[in-house]
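All ligand and atom numbering here is 1-based and tracks the order in the structure. Computed over heavy atoms, backbone and side chain alike; hydrogens, waters and symmetry mates excluded.
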Amino acid sequence: MALLELDDVSKAFGSLKAVDGVSFKVEAGEIFGIAGPNGSGKSTLFNIITGIPFGPDRGSIRFDGNAINGKSGHAIAGLGLARTFQRETSFDGLTVFENALIGASYGKQEKTAATARNAAAEALEFVGLGSASFGRLAGELSVFERKCLMLATAIAMQPRMLLLDEPASSLTKPEIETSIGLIRRTAGRGITILLIEHVLTFLMSLSQHLLVLNNGRILAAGDPAGVIADPHVIEAYLGTRRSAA
Ligand SMILES: Nc1ncnc2c1ncn2[C@@H]1O[C@H](COP(=O)(O)OP(=O)(O)OP(=O)(O)O)[C@@H](O)[C@H]1O
């Protein structure tokens, strides 16, 4: 059984079909990449999977055997599905440790206060925000550190699956390399990863499966090398993106 399964899922904003009849499966343990031009529906897809801030208009979404369409974002997170956001999102007035502790308080497993603190500390160390960073205010971190904090907060939830929305955006080349290693190591913890990214080298180096969206619909999906060689993909996406990636 797939860990995540979408069947004919759609979401419209007025007459705009942002996600239009999308079906795919993500197997446990894989890194599954999603590409597509600006406005193709990638973030909306993440929103409707996680229920943050809204679910789909129609279609079925199953996670770990549970129907999750229509459930609240809180309930979905509680089943072990965590996400990060395209823009660095943290509680800027709280410390690094307090942010991760909030993540650790969510998630599938009930945690005692001590277990939650351990999960928060371990996740922060894992992403490279060592104990010297714990007392810093999140709002004072660099963009890269804020992305690491967002990842640590999600990992502290101890999810089965993590949805990463453009983790490489606004990063320098060395930071992108570090981020690739970090995502590989995150998958190595047994966390299944669904990854949206514009930087194609990033997606290609990480993903076992690749899906390309265009105008809310699936343009191509499958083995990454085959997908990026698809003429429809080259026309709709890579033709304008390859030089920028
Ligand atoms: N809350 C909303 N209300 C109205 N329209 C929306 C809303 N969210 C997204 N859209 C529209 O839905 C379409 C898909 O947007 P979405 O953000 O999902 O695309 P994307 O592929 O993630 O784009 P990008 O790569 O630029 O982040 C766009 O036309 C966008 O303007």
Side-chain angles (χ1 to χ4, degrees), residues 4 6-24 26 31-61 63 68-73 76 81-90 143-144 146-147 150-151 154 161-171 175-176 179-180 183 193-207 209-222 224 227-228 230 232-245:
L4 179 72
L6 277 73
D7 185 20
D8 199 19
V9 168
S10 297
K11 174 76 188 175
F13 300 107
S15 60
L16 174 77
K17 294 177 176 175
V19 172
D20 188 10
V22 167
S23 304
F24 66 94
V26 181
I31 300 181
F32 190 110
I34 297 181
N38 288 327
S40 56
K42 303 182 299 296
S43 292
T44 302
L45 189 61
F46 269 22
N47 292 342
I48 61 184
I49 293 170
T50 57
I52 304 170
F54 41 64
D57 296 334
R58 68 178 172 84
S60 141
I61 308 178
F63 174 67
I68 58 169
N69 36 310
K71 285 196 192 304
S72 69
I76 294 170
L81 201 155
R83 74 171 293 182
T84 65
F85 293 88
Q86 200 169 335
R87 295 189 57 177
E88 298 74 54
T89 308
S90 54
V143 169
F144 180 64
R146 285 164 67 91
K147 283 186 187 290
M150 199 164 48
L151 180 62
M161 183 167 191
L162 187 49
L163 276 55
L164 302 175
D165 196 347
E166 294 198 28
S169 67
S170 315
L171 297 185
E175 288 168 346
I176 287 176
S179 183
I180 287 174
I183 292 170
I193 291 181
L194 187 59
L195 174 66
I196 291 175
E197 192 45 73
H198 273 308
V199 181
L200 288 170
T201 46
F202 191 95
L203 268 185
M204 293 298 290
S205 63
L206 281 168
S207 311
H209 280 101
L210 183 61
L211 180 155
V212 178
L213 281 178
N214 195 30
N215 296 325
R217 302 187 71 94
I218 295 178
L219 194 59
V227 168
I228 65 157
D230 185 315
H232 296 105
V233 173
I234 292 168
E235 187 188 337
Y237 181 74
L238 301 179
T240 53
R241 280 270 157 201
R242 198 169 234 167
S243 54

Review point. Should the ring pair F54 and F13 be called parallel, tilted or perpendicular, given that the plane angle runs from 0 to 90° and is split at 30 and 60?
Key: perpendicular
Review point. Just by distance, do the side chain of R83 and the backbone of I52 share a donor-acceptor pair under 3.5 Å?
Key: yes
Practice item. For the pair L4 and F63, evaluate side chain to side chain contact (heavy atoms under 4.5 Å, CB included) and give the outcome as yes or no after the intermediate values. Key: CA-CA 5 Å; L4 179 72; F63 174 67; 4.3 Å; yes
**Study point:** Atoms of ligand 1, numbered as shown, that sit under 4.0 Å from any heavy atom of S40
**Key:** 19 (O), 20 (P), 21 (O)
Exercise for review: Measure the distance from atom 14 (C) of ligand 1 to every protein heavy atom, then report the residue, atom name and distance (to 0.1 Å) of the closest one.
Suggested key: G39 O, 3.4 Å
Point to revise | P37 near ligand 1 by a heavy-atom separation under 4.0 Å | key: yes
Review point. Counting from 1, what ligand 1 atoms have a heavy atom of H198 closer than 4.0 Å?
Key: 25 (O)
Review point. Pick from I196, L194, L195: which one makes a side chain to side chain contact (heavy atoms under 4.5 Å, CB included) with L164?
Key: L195
**Study point:** Top protein contact for atom 26 (O) of ligand 1, by heavy-atom distance
**Key:** N38 OD1, 3.2 Å
**Study point:** Enumerated ligand 1 atoms positioned under 4.0 Å from heavy atoms of E166
**Key:** 25 (O), 27 (O)
Check your understanding: Looking at atom 3 (N) of ligand 1, what's its closest protein heavy atom, distance included?
Key -> F13 CD2, 3.4 Å
Point to revise | L213: which of L219, V22, V19 passes side chain to side chain contact (heavy atoms under 4.5 Å, CB included) | key: V22
**Study point:** Residue, atom name and distance, where the atom is the protein heavy atom closest to atom 18 (O) of ligand 1
**Key:** T44 OG1, 2.6 Å
Point to revise | Side chain, backbone, both or neither: L16 near ligand 1, heavy atoms under 4.0 Å | key: side chain
Point to revise | Protein contact to atom 27 (O) of ligand 1 [nearest heavy atom, distance to 0.1 Å] | key: Q86 NE2, 3.2 Å
Point to revise | Heavy-atom side-chain proximity of S179 to L171 below 4.5 angstrom | key: yes
Check your understanding: Just wondering, are more than 12 heavy atoms of other shown residues or ligands nearer than 6.0 Å to CG in D20?
Key -> yes
Check your understanding: Which is closest to atom 17 (O) of ligand 1 in terms of heavy atoms, G36, S43, G216?
Key -> S43
Study note, to complete from the structure: min-distance protein heavy atom vs atom 21 (O) of ligand 1 -> K42 NZ, 2.8 Å
Exercise for review: Could you tell me whether a side-chain N or O of E197 sits under 3.5 Å from a main-chain N or O of A168, the two making a donor and an acceptor?
Suggested key: yes
